[in-house]
Structures are given as C-alpha cells and as structure tokens.
Amino acid sequence: MLSAFTPDEQTAILLSLRVALLATFGALPFGIAAAWLLARRRFPGRALLDGLIHAPLVLPPVVTGYILLLLFGRRGAIGAYLWSWFGFTFAFRWTGAALACAVMGFPLLVRAIRLSLEAVDQRLEAAAGTLGASPVRVFLSITLPLMLPGILAGVVLCFAKALGEFGATITFVSNIPGETQTLPAAIYTYTQVPGGDAGALRLTLVAVVISLLALAASEGMARYAARRLGQA
Amino acid sequence: MSALEVNLDHTQGAFTLEVSFAAPDGVTALFGPSGSGKTTLVSLIAGLRQPRHGRIVVGEAVLLDTAKRFHLPPHRRRIGYVFQDARLFPHMTVRQNLHYGRDLAPADAVHQDESAIIELLGIGHLLDRRPAALSGGETQRVAIGRALLSAPRLLLMDEPLASLDQPRRLEILPYLERLCREARLPIVYVTHDVDEVVRLADTLVLLNQGRVLSCAPVETVLGDPALQRLTGRHEVSALLRASVQGPPEDGVQRLAHPAGMMHLPVANGLRVGASERLHVKARDVALATGSVRGLSIRNRLTCRIVRIEPQAGVDVLIELDAAGQRLASLITKEALVDLALAPGQQVVALIKAMTLARASDR
C-alpha cells in the first residue's frame, strides 16, 4: 500500500506514526499521575499544576514550541544539562517532535483520564481495602480498570492531537525531512512548492484515514470496556 | 474473653460518638434509630475513619490504640465488611469478586470453606455472572460471601437488608440465620429492625445519639422499656431459653424452662437437649393469679412481677421474672385493678403455643 507514495512521503507517514505513538504512550504514565494528583489530592500549588498542564491548550502553539526550545534546546535551561551529562538532546530530533506533540496532547489526555477517575466510586476502593488490598493494589486492581474507558478516550485524543500537531513541532525541531518532518509539515511543504497539490492531497487523505481508524479502534475498545463493566 | 472491645471518642461535624462496650463471641447487634451513629461506629471499627481517641481489640488483635499512636490501616485489619450497598466490583465476575479477598488473606489465616459458603448462600449458579446481572438479594449474598472468604477476624454487616424490599429480605434472612449459626467467627450486625435482632443476635448493643445505652444479652434487653421508647411503635417482647425434651408428640415439641414446661408446635422434631430461644410478644402473654383450671393454654410459667409500667393507652406493661429470665406481659388497666397485681407478687404467665416463635437454635 505504501508503494503508492513517494519515498519522502512514506518516510513522513511512518515518522508521523512513530512520533505520535511515542508522544502518546510516553505521556500516558505522566498523564495518569497528573490526573490522579488533580482529582484526588489537595496540595499547595495544585492550581498552578492545573494551569501548567492546560497552558498548551490556550497558548499559541508557536509559543509553546518556542518555550520548549528555550527549555530543551541544546543550550536551553534543561537541554544544556541533558546534553552535557547524557549527550542527549531533543533539539532537531524526532524525539523532540514527539516531546512537542506530547506536551500539546497532554491537556487532552489528562482531562479525559481525570474525568473518568472522578467518576470512579471511591466506596469500591474502600471495600477493596477492607478485603485486604493495599492502596497500590487497590489502584491497580480496582481504580485503573474502572478508569479504562477514560484512559482509552484520552489516548485517542492525544494520539490524534499528536498526529496533527504542527506549530509547536516546527518551532521546536524545525521541518527536517526524514527526522522531524511529520505529516502536517510535509503537507505544508507541498503547498509551498509549485505542483505540490497532488502530494498534499494524498497525504491529507492519509491523515484522515489514520484519524478515522484511531477513532474506530477507540470506539471498539470503549464498547468492550463498557461490556466488561456490565453497562452495555 | 471478649470477642470485640471498643472504646471510641470521635467527632464528626456536630455529631459526637462516645462509645464503650465489650461484646462476647457470637452475633452482636448494633441497634438504634437512624442517626444514632451505627454506620459511623462500624466504619471506625473497619478503619475507614479515624477517631480522635480510642482503642479497638478483636480477639487478641489490637487494631487501634491511639494512646500508643497505633493505627492499623484498613487493609491489614482483616475485618470482613458487608456494606449496605454491597459494593461488588462491577468489572469482575461473581467468582472474581469472591476470590478478591481470599487471595489477599495471609497464608496463616483461618480460611472459611469456600464451597460450603457458596452452598450456604445459594450463589453457586451465579459464579460466572457480572454484578450488573444480579438481583438485589443475590448481590447482597455475594457481598456476604466475598467478605467471609477474605478470612476475616470479625464480620461487620451494616444493615445488609436495608436496601432490599420485603420479599427480598425474607428471601435472604434464612441465609443469614444459617450463617450466624454456622460461621465460626464473631459477627457485628447493624440494624434498626427488631425482628432481625430477635432472629439473629445473641448480644444487643443499644445505641442512641452516639452513646451506648446498654450492652447485654438479647433476652435481657428485649423487655427493656428503654428499647421500646427508642423504637417507638415497636412492641415489647422477650426471648425465653428452653431445652428440648424428648421427641415431639402430635406435632407439639416439649421444652423445659426453669419456670415451667413449654409447648411449641413444630413441623419437625428438634434436637433433644438443644437450647432453643423462643420469642414471646408481650401482648400474647396473659396473667393469672392462683391455680388455673379448665384452660386450653398449655404454656404456664410461674413468674414474679418485677415492675408495673403504665403505657400511653389503656395498657399496662408488666415486667416479669421467669426463673431468672425476663418476660413481659401487656394487659389492660382494668385487668390490673381486677387482679390487684403488685410488684413482688407471684403470678402464672399464660402463653398460647401458637404465638410462640423460634428465634434461632443456639
């Protein structure tokens, strides 16, 4: 199927999938932790954390990308240490694109997970405790499975956001074919050159198909989860 | 040794709970009107809430001792808690629910016999279902099984029948009776229903406005006017303990009571020598002075009048001492005057056999 595309397009498609998957599943544990902190804990700085997580939702993506550059660029506040200690950098790498996508998708991920966590009946958790389950086991065996529909929804939203992310990515890691040129960047590049319309359209269709497949997969999984909870 | 010792001092908003009692083995009913602190008390025993001061001991295990800053977290208390609202895990089958606590119990815990419990609760055919597919009564039975299988030191049942309608209640009560008889662990049973107390409990802890009014064997408390005041319309009754004598004759079982022979209509003979508890309502007890002749009533107990307490209407409540056991009789004021009854006087309590009910056989 991929042979219908030019090698450059193939590269962009596969890179986009790789970036979006890493962004989504890399963000997931942090997303669950953040949702739990916001839903269940009262601590000083909670409003600040809430604001920080949601900032990418309201900031212009270019601004978010620029802040990432300031923080994680090779001379950035954090990036400089990553480079000098580990020889690792996000700058102009596909991992950087994934970081940008993760940051942009994070508020959507956290919101969905937090909503489902708030819907989990804490009386069930108390019951599990009286049956001998430690708090960690209660979380793994009761809370997490009951949150599953929300986690799935968050994962799909985050994945879709990551797949379509453009502004922050291009600002943070530029538009390097084969390294940081994801689908939206490739489409944008096509529109900037004469005769690029056909390529832009082909990649647009690919983006549509991938998004619809992700949506269908999440719908199927959500139904399965609902059936397991006996709600369907 | 007490099965359960509770000393608690707990404040929650404007509500203060100050309780202290020690319950022996068997079934202890926590009884009181709504708002008396019953649910708060059991959640404190389970460790779901923390009291300001207190000490809780189950058997030999100290669960809480604020004086020593000792507080066992709920998951290490090993208290089987049957909640009012069952709280089955919706994402697990009945079998997985039942095994949840069992698999977490320590290896050296005394486990209940799983197949016996499934049989006793009648839930064998439900094992592969999910909680959403269970009726209210089935849900509550599974919840009881789940708590029992977690190998608890103590079983707490918080109004397990409260969320059920009357037919479901009657369906589940026999299971509870068998459970209370056969389970070899102390049970605390929260209720505001006198019938449940009579059928299930050995000890009654009377709770009102966060305080313990009394803690005594059910037989002693049932005739207590304090109980009647607390329950409002509830009628005063008593439990008599008698031992089964010989095989039944013509469907009537004879039981020996220290105050006289008792006769109980039964479908099947009771185990000879077993100690039975018979529930007697005060309004079913008539009194006679002197010897009685030509009367159909078979149950005649020689009693002494302890107290005479006028009631709101035309009734008078006579508290009786039947060879050390408490009995109550409700008669009219007219009859009281007619017979010239007075405290200390000896009378014969007459109880129609048909009005007697077995409370439970322990």
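None of the values given here were measured: they were computed from a predicted structure. The chains referred to below are lettered A, B, ... by the order of the sequence lines, with proteins before strands, and numbering in each begins at 1.
Residue contact with chain B, scored on non-hydrogen atoms closer than 4.5 Å, involves the backbone and the side chain of Leu124(A) alike. For Arg102(B), no part sits under 4.5 Å from any heavy atom of chain A, backbone or side chain. Interface remark: Ile79(B) contributes backbone atoms only to the contact with chain A (heavy atom separation under 4.5 Å). At a 4.5 Å heavy-atom cutoff, the contact between Asp85(B) and chain A is made by side-chain atoms alone. At a 4.5 Å heavy-atom cutoff, the contact between Leu88(B) and chain A is made by backbone atoms alone.
Salt bridge Glu165(A)/Lys161(A): absent, no basic N to carboxylate O contact under 4.0 Å. Taking a cutoff of 4.0 Å between a charged side-chain nitrogen and a carboxylate oxygen, Arg55(B) and Glu5(B) do not qualify as a salt bridge.
When Pro135(A), Ala126(A), Ala133(A) are compared by the number of non-hydrogen pairs under 4.5 Å with chain B, Ala133(A) comes out ahead.
With rounding to the nearest 0.5 Å, the separation of NE2 in His71(B) from CD1 in Ile56(B) is 8.5 Å.
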Item to complete: Evaluate salt bridge (charged side-chain N to carboxylate O under 4.0 Å, His left out) for Glu125(A) paired with Arg87(B), printing each intermediate quantity in order.
Response: CA-CA 9 Å; Glu125(A) 297 173 355; Arg87(B) 304 193 189 181; over 6 Å; no

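For the ring pair (Phe, Tyr, Trp, His ring centres under 6.0 Å) criterion with Phe72(A), the lone passing option out of Phe90(A), Tyr66(A), Phe88(A), Tyr81(A) is Phe90(A).
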